[in-house]
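Computed from heavy atoms alone, side chains included, the values below leave out hydrogens, waters and symmetry copies. Both ligands and their constituent atoms are indexed starting at 1 by order of listing.
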Amino acid sequence: MTADSNVSDQAAKTQRPLEGQVMVVTGASRGIGYFTALQLAERGAHIVAVARTVGGLEDLDDAIKAKGGSATLVPMDLKDFDAIDRLGGAIYERWGKLDGLVANGGILGILSPLGHIKPSEWENVMAVNVTANFRLVRSLDPLLRHAEAGRVVFLSSTAAWKCKPYWGVYSVSKAAVEALAKTYAGETRQTAMCVNAINPGGTRTAMRAKAMPGEDPDTLPEPAEIAEKVVQLMLPDFTESGKLIDVRADAMFDLIPGYGQD
Ligand code: NDP
């Protein structure tokens with residue numbers, strides 16, 4: 001090997017630090033998940049892209065291929081928990097490993113006083129935002145633990161702590177996501193894994209438009225901009241775990257820092 005080839009190997013590694021890795025991104029058909037998947041693929045990761053909308057997943061596949069990357073499309077409903085169980089087995093059979101999970105897929109649900117929320121609506125939001133993420137952890141944990149630098153990021157929200165009136169179901173679901181992330185970070189402390197959550201802040205996506213129909217979307221950051229922050233947490237050289245990254249505040253906190261005595 002020559003000095004020149006060493007330099008070019010190093011340059012390739014710097015541009016594609018995720019070369020050879022396999023990563024699952026949920027909610028990859030649009031918004032933050034779409035751009036996160038695309039940018040992870042640009043850095044070399046093979047993307048296992050999960051969402052229901054086949055057209056959105058196919059657009060992602062085209063965009064990834066155009067950048068010289070690769071993806072496997074998994075059109076499925078995150079409420080299909082048996083399918084989540086099968087996902088872990090299928091990834092093991094095909095690649096024998098998994099290096100990362102971006103648990104991004106989510107829904108807003110209804111904005112309404114707690115007393116007016118139909119139990120079925122509550123259950124629906126909890127199933128997608130909370131239980132599906134638990135089921136993903138359950139299905140993928142054995143693979144992530146064996147990765148050289150397994151990385152997991154959960155998408156949280158300001159709603160998790162602000163708990164504004166009428167945002168109850170979404171707020172409760174995101175508070176649960178942070179509790180899930182903190183618990184999982186603790187359980188993986190002795191491994192090579194890092195588990196964190198990120199609060200993107202208001203972002204120009206379909207979900208935000210539904211939550212804030214009167215808002216001018218041009219005042220909000222693009223999902224591609226937020227995706228860059230998510231991607232940083234998936235890189236092997238990001239070694240913090242149990243943290244909440246607040247994009248708008250450009251700050252990192254302990255997840256659910258607590259108060260008082262045990
Ligand atoms: P979008 O509504 O643009 O995208 C949501 C994604 O989740 C879509 O790909 C959608 O795919 C997927 N999804 C929703 N329900 C299901 C389901 N049942 N099964 C499979 N996939 C599903 O949202 P954002 O990009 O804005 O949000 C991404 C994450 O960021 C969410 O967790 C959200 O809570 C969080 N967040 C967003 C903020 C914002 O301002 N945008 C602010 C704070 C947090 P499909 O419909 O094709 O299934």
Side-chain angles (χ1 to χ4, degrees), residues 24-39 47-61 63 71 73-84 87 101-111 120-121 123-133 135-136 152-164 167 169-178 180-181 196-213 215-231 233 244-249:
V24 171
V25 180
T26 67
S29 60
R30 62 171 184 268
I32 296 169
Y34 176 101
F35 287 99
T36 300
L38 179 58
Q39 293 179 22
I47 302 302
V48 179
V50 177
R52 291 166 302 179
T53 311
V54 174
L57 291 177
E58 287 176 348
D59 287 350
L60 173 69
D61 193 37
L73 308 184
V74 185
M76 70 179 222
D77 191 326
L78 284 167
K79 286 184 290 178
D80 183 348
F81 302 139
D82 291 339
I84 294 180
L87 184 65
L101 165 66
V102 181
N104 162 84
I107 51 174
L108 177 70
I110 188 165
L111 301 182
S120 59
E121 280 163 353
E123 297 294 345
N124 192 42
V125 175
M126 290 300 156
V128 177
N129 291 5
V130 184
T131 310
N133 284 326
R135 297 295 294 250
L136 282 160
V152 179
V153 174
F154 294 91
L155 270 285
S156 187
S157 163
T158 310
W161 59 267
K162 226 172 188 178
C163 303
K164 280 193 295 189
W167 284 63
V169 63
Y170 183 71
S171 294
V172 171
S173 75
K174 289 300 181 181
V177 165
E178 291 194 9
L180 182 70
N196 296 290
I198 188 165
N199 171 13
T203 308
R204 201 183 309 173
T205 68
M207 182 188 285
R208 180 72 183 191
K210 184 181 171 197
M212 302 285 201
E215 186 177 55
D216 176 0
D218 289 344
T219 60
L220 298 170
E222 301 258 19
E225 216 177 300
I226 301 304
E228 280 171 26
K229 310 287 182 187
V230 179
V231 166
L233 313 183
L244 173 74
I245 288 75
D246 186 317
V247 174
R248 229 183 227 181

Exercise. CE of Met76 to CG of Leu87: how many Å apart, nearest 0.5 Å?
Worked result: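 Result: 5.5 Å between the selected atoms.
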For this session: Nearest 0.5 Å please: distance from the CD1 atom of Ile198 over to the CZ atom of Phe154.
Result: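 Going from CD1 on Ile198 over to CZ on Phe154, the span is 13.5 Å.
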Kindly give the heavy-atom pair with the smallest separation between [X] and [Y], and that separation in Å.
| X | Y | answer |
| --- | --- | --- |
| Leu73 | Pro75 | O-CD, 3.5 Å |
| Ala28 | Ala51 | N-CB, 4.0 Å |
| Ile32 | Pro223 | N-CB, 3.8 Å |
| Leu244 | Asn199 | CD1-N, 4.0 Å |

For this session: Select all protein residues for which some heavy-atom-to-ligand 1 distance is less than 4.0 Å, and list them by chain and number.
Result: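 Correct list: Gly27, Ala28, Ser29, Arg30, Gly31, Ile32, Ala51, Arg52, Thr53, Met76, Asp77, Leu78, Asn104, Gly105, Gly106, Ile107, Val128, Leu155, Ser156, Ser157, Tyr170, Lys174, Pro200, Gly201, Gly202, Thr203, Thr205, Ala206, Met207, Arg208.
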